Amino acid sequence: MRMQDEVDRLVEAWHAERPDLDVRPLHVLSRVSRLARHLDRARRAVFAAHRLEPWEFDVLTALRRAGAPYQLSPGRLLRATLVTSGTMTNRIDRLAAAGLVERHPDPQDKRGVLVRLTAAGQARVDAAFADLLDREHVILESLTPDQRDALAGLLRTLLIPFDADAEPRPTA
């Protein structure tokens, strides 16, 4: 007998109630949606254990991925985190007040600033990232390495058009 999950049950119910509709997309997209909610909960728990909010983790990891000296302009942080400039200013202010980032003058632009990860910020984000990876390895342990690779490829195929739409387009 095949294992059933909550999505199987809801698809059966919709098929019974609306046999005129093709509900096959629910088999994939409802599972992706439910999985996203479970992953969000797991990630939030890891971040909370390190006294971080998800948005703080996003900004700090963008800086950490930039490589030494772990700094970016606010504009580059905007593109990395997909938020508005007002939101980013508020986030930088809050992270600076917490001692996790610092603002420095941009030597290439006298009016600009660079946001730099502090040693405390680096330590916090490194520890949170290591714990997050440990948790995500546990989540994926029911899949073989080949299944993980196949799933990653399929999800990439679905995600690429969305990412392409989110990228800033050059203006004339």
Side-chain angles (χ1 to χ4, degrees), residues 5-6 28-108 112-168:
D5 65 5
E6 188 61 29
V28 174
L29 300 178
S30 289
R31 284 186 175 93
V32 169
S33 178
R34 291 177 64 79
L35 183 59
R37 287 192 294 267
H38 288 294
L39 292 175
D40 184 58
R41 285 185 195 143
R43 286 178 161 216
R44 286 179 181 275
V46 169
F47 301 154
H50 292 276
R51 302 179 331 273
L52 290 171
E53 292 292 329
W55 66 264
E56 292 172 311
F57 183 81
D58 287 347
V59 174
L60 297 176
T61 55
L63 292 167
R64 184 65 171 95
R65 288 190 313 267
Y70 310 112
Q71 65 186 17
L72 293 170
S73 69
R76 294 274 310 273
L77 282 170
L78 286 173
R79 287 188 291 283
T81 60
L82 301 174
V83 298
T84 66
S85 60
T87 297
M88 182 54 67
T89 299
N90 180 278
R91 289 178 176 187
I92 294 168
D93 288 346
R94 291 173 65 184
L95 289 167
L100 302 176
V101 302
E102 299 171 329
R103 287 184 172 94
H104 293 277
D106 185 343
Q108 308 298 320
V113 298
L114 294 172
V115 180
R116 184 179 302 158
L117 196 59
T118 63
Q122 183 176 343
R124 177 118 30 117
V125 76
D126 282 354
F129 186 58
D131 285 352
L132 176 64
L133 288 175
D134 287 345
R135 178 70 184 118
E136 291 183 350
H137 279 287
V138 170
I139 290 169
L140 292 172
E141 70 186 6
S142 66
L143 299 176
T144 67
D146 286 345
Q147 288 173 324
R148 292 177 197 183
D149 291 344
L151 180 58
L154 292 168
L155 292 172
R156 181 182 303 107
T157 299
L158 285 175
L159 192 56
I160 284 173
F162 290 99
D163 285 347
D165 287 343
E167 289 178 14

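All values derive from a computational prediction rather than experimental measurement.
Looking at heavy atoms from C-beta onward, Leu151 lies out of side-chain contact with Gln147 at the 4.5 angstrom threshold. Looking at Arg124 and Thr118, their side chains never come closer than 4.5 Å, going by heavy atoms from C-beta outward. Counting heavy atoms from C-beta outward, Leu77 and Ile92 have side chains that approach closer than 4.5 Å. Under the 4.5 Å side-chain criterion, counting only non-hydrogen atoms from C-beta, Arg148 is in contact with Glu141. Side chains of Leu95 and Trp55 form a contact here, defined as non-hydrogen atoms less than 4.5 Å apart.
Closest of all the heavy-atom pairs between Leu52 and Ala128 is CD1-CB, 3.9 Å. Between Val83 and Leu78 the shortest heavy-atom distance is O-CD2, 3.1 Å. The nearest pair of heavy atoms linking Ile139 to Ala42 is CD1-CB, 4.2 Å. Between Leu132 and Val46, the closest heavy-atom pair is N-CG1, 3.7 Å. Taking all atoms of both residues into account, the shortest heavy-atom contact from Leu72 to Ala62 is CD1-O, 3.6 Å. In terms of heavy-atom proximity, Gln71 sits nearest to Ala66 at O-CB, 4.0 Å.
More than 12 heavy atoms of other residues, nucleotides or ligands shown are found within 6.0 angstrom of CZ on Arg64.
Listed for the Ser33 side chain is no donor-acceptor partner under 3.5 Å among the backbone atoms of Leu29. Between the side chain of Thr81 and the backbone N or O of Asp58 there is no donor-acceptor pair closer than 3.5 Å.
Expressed to the nearest 0.5 Å, how far OG of Ser73 lies from CE of Met88 amounts to 10.0 Å. Taken from CZ in Phe47 to CD in Glu53, the straight-line distance is 10.0 Å, to the nearest 0.5 Å. In this structure, CG on Asp126 lies 11.0 Å from CG on Asp131, to the nearest 0.5 angstrom. The structure places CG of Leu114 at 10.0 Å from CZ of Arg76, a figure rounded to the nearest 0.5 Å. In this structure, Phe129 CZ and Glu136 CD are separated by 8.0 Å, a value rounded to the nearest 0.5 Å.
Using a 3.5 Å distance cut-off with no hydrogens or angles, the side chains of Arg34 and Ser30 do not pair a donor with an acceptor.
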**OP:** Walk me through it: do Arg91 and Thr87 pass the test side-chain contact (heavy atoms from CB on, under 4.5 Å)?
**Re:** CA-CA 6 Å; Arg91 289 178 176 187; Thr87 297; 3.4 Å; yes
**OP:** For Arg43 and Arg135, run side-chain contact (heavy atoms from CB on, under 4.5 Å): C-alpha distance rounded to whole Å, both residues' side-chain angles, the deciding distance at 0.1 Å, then the answer.
**Re:** CA-CA 8 Å; Arg43 286 178 161 216; Arg135 178 70 184 118; over 6 Å; no
**OP:** Could you walk me through whether Leu100 and Arg94 pass the side-chain contact (heavy atoms from CB on, under 4.5 Å) test, one step at a time?
**Re:** CA-CA 9 Å; Leu100 302 176; Arg94 291 173 65 184; over 6 Å; no
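In this structure, Asp40 pairs ionically with Arg44, as a charged nitrogen and a carboxylate oxygen lie closer than 4.0 Å.
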